[in-house]
Amino acid sequence: ENVKIGNIIPLSGPSATVGQQGKNAREMAIEEINAAGGIKSLGGAKLELVFADSESKPEKGVAEAERLINTEKVNVLTGCWNSAVTYPTTAVAERYGIPFVVPVSVSDKITDQGFKTVFRIAAKDSWWTRDQFSFLKDMQEEFGTKVEKIAFVYENGDWGKGFAGQWKELAEKGGYQVVLDEPYPSTATDLSPVVQKIKRSRADVLMLVSNAADAILLTNTLAEYKVNLKAIIASGGGHADPSFLKAAGKSAQYLFDIVEWETDVNKPGAKEANEKYNAKYGQNLTGEAVDAYVAMYVLKDALERAASLDPAKIREALAATNLSDGPGMIVGYDSIKFDATGQNENASLVMVQVNDTGKGLERITIWPKSARRAGYTPVFPMPEK
Amino acid sequence: MLYIIEDTINGILMGSIYGLTAMGLTIIFGVLKVINFAHGSMLMVGMYVTYWAVTLTGINPYLAIVIVAPVMFFFGYYLQDIVIKPIFIAEKNVREPITVIIVTTGIWYILDNLTLLIFGPQYRSLADNPWRSKMLEFGDLFISVPKLYGCIIAIVTAAAIYWFFQKTSMGRAIRATSMDREAASLQGINQYKIYNLAFGIGSATAGIAAVTLVPFNNVFPTVGVLFDIKGFIIVVLGGLGSIGGALVGGIIVGLIESVGPQFMTATWTEAIVYGLFLVVLFVKPSGLFGQKHDW
Amino acid sequence: MALLVVKDMTKQFGGLRAVDSLNLQIEEGQIFGLIGPNGAGKSTAFNCIAGLFPPTAGEITFDGKNINGSKPWDLCKQGLARTFQIVKPFGSKSVLYNVTVGSFATTNSRSEAEAKALKVLEYLNFADKKDILAANLTIADRKRLEIAKALATEPKLLLLDEVMAGLRPNEVDEMVEILKNLRNRGITIFVIEHIMRAIMALSDRIVVIQFGKKIAEGTPDEIANNEKVIKAYLGEDYAVA
Amino acid sequence: MNEKQINRLAGIGLLVIAFGLPLVVRSATYLHIVVLLYFYAYLTTSWNLVGGFAGVLPLGHAAFVGIGAYTSTILSLQYGISPWLGMLVGGVIATIVGVLIGLPTFKMRGAYFALATIAFAEGIRVIVENVDYIGPLKVNGPRGLQIPPLETGLVNYMFASKEPYYYIILVMLLLVLFLTWFISRSKLGYYLNAGGEEPEAAMALGINVARAKLIAMAMSSFLTALAGTFYAQFSLYIHPKSIISLDLSFEIAFIALIGGRGSIAGPILGALLLRPVGDFSRIYFGDTLPGMHLIIFGLVLILVMHYQPRGLQEPLTRLYKSLVARLIGKTTGGGQEHGIARS
Amino acid sequence: MPLLDIDKIDVAYGDVQVIFELSLKVEKGEVVSIIGGNGAGKSTLLRAISGLMPVKAGSITFANDKIDKEPPENIVTKGIVHVPEGRRLFPLMSVKDNLMVGAFNKRAREQAGETLKKVYELLPRLAERESQLAMTLSGGEQQMVAIGRGLMALPNILMLDEPSLGLAPILIKGIFETVRKIADQGTTVLMVEQDVKHSLSLSDRGYVLEHGRVVMEGKAADLIDDPHVKEAYLGI
Ligand SMILES: Nc1ncnc2c1ncn2[C@@H]1O[C@H](COP(=O)(O)OP(=O)(O)OP(=O)(O)O)[C@@H](O)[C@H]1O
Ligand SMILES: Nc1ncnc2c1ncn2[C@@H]1O[C@H](COP(=O)(O)OP(=O)(O)OP(=O)(O)O)[C@@H](O)[C@H]1O
Ligand SMILES: CC(C)C[C@H](N)C(=O)O
Ligand SMILES: [Mg+2]
Ligand SMILES: [Mg+2]
């Protein structure tokens, strides 16, 4: 008997690019797992993926969760990338007692609901923001440049609002002056008014939360208006989208982006996995894709230990996860382990900088210093325009 | 003060491009009396055509008009001929066949998702596009060159279309058909051909709008949706069927979007646009330049 | 007693004065005719009286009350009903439905309203067409439907705008009879018509307007022989057929 | 057996099927789909009071769904007020908003009205997305509101299985159907029809068209808001983008037009076609051919309009009538009425 | 061979047939009147000829061309021009633009300038009102525009549907005089009229239609004297 894994991701609609990546990564993982003999404790049972399209719409996610559980009879669920979709959808899984692995969806509240069945592999937004601020602090020390004024600009949604809330607290604690706090609609067709506000705020550092289309538009417009900033710190998502670098091109140079994983991570197997992925799908793995990829290995590990398809058993096994090596463990940190809320307590983040070291623009890991690509010196502050 | 000037200029430039994106909507409504909910999708298709035309042939993005406008004209012409015309034939006696809007919505869903199936979800923009970050700088005052071109193209297009409708025999025939289909057919006018033509012209203007957008915007399957609702607001504000109205409506929206954020967060300007829209309609239910008798 | 008094009524459309200081007075139980060249302002005068739009100046008194700027629906409830020159049937509905809409003015019950509507249809020799969709009627029948709808509201004063256009002479005669009967039942009638056969046979009194101004008033005989009227409206070789 | 008896029998048969369905359909998924089908049929029927009878095309009814959902949810989350009560409060607020919307927009004709209602609904969505609090009330802006699991039961309007939801929405649907049937035969129904088709003529017949439309709008927005509460309790999560969305507003109108505008059966027929098409095509193609389900949905919209521009109700009524006629062995004359429909 | 030959046509609105096996001929240069009560099917007949209504059975031949399956615009191009009941002007266009639209068909377009002059000569009132919107004209003026618009198409046959409807007595005479002039200049005219006295007196021949059938046909002069016509249509 096969193990059915239901996956709810945005395959059409505005986030279809990342949905597609997540699908690819999952497929690559289970191919490997099945080729290696499936779940041995279940007599070599194979993993089988069932995908459902959320279109990035919460109500569709909820409906699909109902269906995957009731009709497809999936044993576990994963998804949904958009926090706004993941949040209500996990509630459905909780009601039915079906384990739900969230590879990436960062809103804190997903694991703060007291649910028993939810396990998140990615870091949550309070950690992302915490690390963004630690990074900022470290950079100031390393390069001796002082940052005083910060501007917050973020998509007006669950994700952006979540980040902005945390930022405000952190900025206050860190003694920074917040000169701009600006949500914008992700559907904007012209972002120059927002860019003007950034420019006029005379901020030193700009912190962003953006989806893909707006990330590209913002980056280009910032370059057009020659907004002088010491740094732009983005929050993954749109800035980590595979089309971002291509579409933004030169304007994206020197941008900092926080991610879970980067191709240059120093981890056995990572390079091979990326090459394999690139050969298969013509793109590099991204942090978010890696989370999806690893999620499959986390599930495999839990299923081996559960040796049963009983959701309660799988849930228990997931809760006891401590995955530190083996194929597929290509994340930047040492092991995956869930705390009482289901949050992967080891999840860690890295900061990358977009720059051209002679091979065209690429994403280069620079922080924490221990993970920095050998021989690369980050550019901070950004050169004046 | 400088800020206000800068934002006002940006608002006018971007606004006239908005006007251009909505112009096809108003033309098609003016003649067919139908809200073309697929107009955003036509714009999207136009953007893909522009993108590929420039990428494959390497021509100047603005010269691409000579490819995009005709391609879009024929696309619209035959789309109307094949998909929408049968409804008009079935509903001969209805002046404003509402069923057609369902059909146009169907076209919207199909075009957007067919594009997704064919080209994938990627965001595309022109590689090494010389216009991307071109700015005119007057001290601290920045004016975007692609937007300026867009504005000029919008005005020229509007003037050309206006001239065509007022001064040519075909233009008169189109206007006549818009007022009374049957009476027009009694003047030897093939109403269905006129509809095809109007739809073609509307689509061609969407194509021209697409050309102005591609140099500084992304191309992706759902990009049309972003311009859809804005387009509706613009054409109603300006008065359905009025070419100049579309331009003015677009500029109003552009100004609010551009100047508004000086006083509030960008997310609230949307609300201001809707508010103003309703106020205008309350005072003048047929929009700023709409015909009272021939809504 | 005068049922309708119009004093110095003027209606201006932009630069055009469609009705110019018009005075008229209609007694209860009268059939009152209004004629004049095309574009003289007859329909406009009707529209002002019936409340479709307010007059620019002047005073309209109906049944002793000033009705300047009153809304059409209120006027209808007060007993003033009208037909439209450009007929406006509820095309997707049956004749009976159309007329029932009118008779709801005096009742809230559907069965009662339908019964009243049927009576009106019978009265107008129209009952055989009660189930036909209004959109499928010929122009003449649509005009008849206009009258039926207006009658169903049980008016005191009925304004009829060219309801006989398109009727054959013997049908015109039939309609004249119907209208006379209505008058005998106590309904005052104010009619616009270009068909002299009808207007002359029908009216107790006629007003002629041109360029919005009254140029003559009198009995049909007086009007038929009025020089001004002949020159402006009837034409030299006019003869009451 | 005569025609009346057959009609009655058919009606009773349908009722028995509707009430018995959960005994046969045990799958929660399918029941979920049917519940949403009824939910849409209910919304469309409420919409029909304005969109069908009054002859205008509102494209912003999602705003009322949103008002209903938000009102009852906020009251229940913050003050522990039973959603049943909150539902009524939501209805009242929606009525007020509906009348406020109606006042300016009913002056407009045709496309202006349709587009103005879109703008109204979008405006409300933008406002909800922009405010975290209205006074003490937590709206939570773009992040939506989640209803935590409470004790299940009728008072909390929360149930562990789908069946109770099924029966609630079924009863709501039947009530609203009866109401529209009743109105269509009343003075108000006549006035709405007349005012929708020829406002000037209607006014001359003593109809205050604007007032009749406002009454219809008030009822329609009240009823629509009730369904908003149902939706919130059924899905336990509300989000401005999904509940006050253009998609929802459009779908309501499309179901009506596909089914047959202004008819009683239209909304049900429309929902019976469109909902399953939407749901099942997404299920079958959602994973392999992203976007395919929307292509199919679009194709269905176009095809129905090509073959039945007046909606499904017309041919199906004809079919039913001829079936009945055959049953009672009487041949009915063709006599199909033709006419100019309103736009 | 008649210019227009209608042979046993049936016409129906949906299932309701309103014209039954109707035959009618118009010779070149003639003025032919069709009279009949309301609902007799007169307008429907003209609509069938001009292609606005499908013909269910029978045939219509014009100058040896079968035209009963052609769409209205082709029929106009061939030279049959229908001035419909109720004028149907383009309300928001100027008088001149209305007239120019009349000359849309290829045949007429090239000579539109000259035709326009001729129409202005025939109907001088229109030249005065050249730039006024059609919507704001009085009924009589509108009727003139409608006829003028018909003439702009350079018709071989001009079909007029109740040109005198709703006009003041003084104008009616003028309209019929205009029709006479048009006929004298060589245009064939097929006219539907309620004003039987006027229309028959300027026609060559006439047809009486009742319930969708021709019940009488003949020389106009004979019809005027026919007792049935006298009673039913002249009201004598
Ligand atoms: N709403 C309006 N706006 C502008 N002008 C108008 C309007 N209504 C009528 N007119 C003009 O007012 C004048 C009087 O028109 P009206 O319809 O009252 O004439 P009438 O006497 O009824 O003519 P007919 O006998 O042809 O019906 C005309 O010149 C007409 O064009
Ligand atoms: N759109 C329609 N749908 C169905 N039946 C129609 C339609 N239009 C007209 N009819 C019917 O066709 C018949 C003939 O109508 P037609 O208009 O040809 O008569 P007519 O002789 O021109 O009368 P009138 O003198 O009143 O204009 C009438 O019985 C009428 O009811
Ligand atoms: C970083 C991204 C994965 C965030 C995602 N869009 C979310 O809503 O949580
Ligand atoms: Mg008049
Ligand atoms: Mg006729």
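These figures come from a predicted structure and were not determined experimentally. Letters A, B, ... mirror the listed sequences (proteins, then strands); counts begin at 1.
Nearest heavy atoms, Pro193(A) versus Pro261(B): CB-CG, 3.6 Å.
Residues forming a side chain to side chain contact (heavy atoms under 4.5 Å, CB included) with Ile9(B) (at least two apart in sequence, or on another chain): Ile5(B), Leu13(B), Leu141(B), Ile143(B).
The choice from Pro221(B), Ala266(B), Gly254(B), Gly260(B) that makes the most heavy-atom pairs within less than 4.5 Å of chain A is Ala266(B). Of the listed residues Ala223(A), Gly19(A), Gly249(A), Pro14(A), the one with more heavy-atom pairs under 4.5 angstrom with chain B than any other is Pro14(A).
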Quick one: donor-acceptor pairs under 3.5 angstrom, chain B versus chain A?
| residue | atom | partner | partner atom | Å |
| --- | --- | --- | --- | --- |
| Glu6(B) | OE1 | Gln196(A) | NE2 | 3.4 |
| Glu6(B) | OE1 | Arg200(A) | NH2 | 3.3 |
| Glu6(B) | OE2 | Gln196(A) | NE2 | 3.3 |
| Asp7(B) | OD1 | Arg200(A) | NH2 | 2.9 |
| Asp7(B) | OD2 | Arg200(A) | NH1 | 2.9 |
| Asn10(B) | OD1 | Ser192(A) | OG | 3.4 |
| Asn10(B) | ND2 | Asp190(A) | OD2 | 3.3 |
| Asn10(B) | ND2 | Ser192(A) | OG | 3.1 |
| Tyr18(B) | OH | Thr189(A) | OG1 | 2.6 |
| Tyr123(B) | N | Ser243(A) | OG | 3.4 |
| Tyr123(B) | OH | Pro14(A) | O | 2.6 |
| Ser125(B) | OG | Ala247(A) | O | 2.9 |
| Arg132(B) | NH1 | Ala248(A) | O | 3.4 |
| Arg132(B) | NH2 | Ala247(A) | O | 3.2 |
| Glu137(B) | OE2 | Lys226(A) | NZ | 2.5 |
| Lys147(B) | NZ | Asp190(A) | OD1 | 3.0 |
| Lys147(B) | NZ | Ser192(A) | OG | 2.9 |
| Asn218(B) | ND2 | Ala213(A) | O | 3.0 |
| Lys230(B) | NZ | Thr189(A) | OG1 | 2.5 |
| Pro261(B) | O | Lys197(A) | NZ | 2.6 |
| Met264(B) | O | Lys197(A) | NZ | 2.7 |
| Ala266(B) | N | Glu182(A) | OE2 | 2.8 |

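The part of Leu11(A) that comes within reach of chain B is its backbone (N, CA, C, O), which places non-hydrogen atoms under 4.5 angstrom from that chain. Interface residue Leu226(B): backbone and side-chain heavy atoms are both found under 4.5 Å from chain A.
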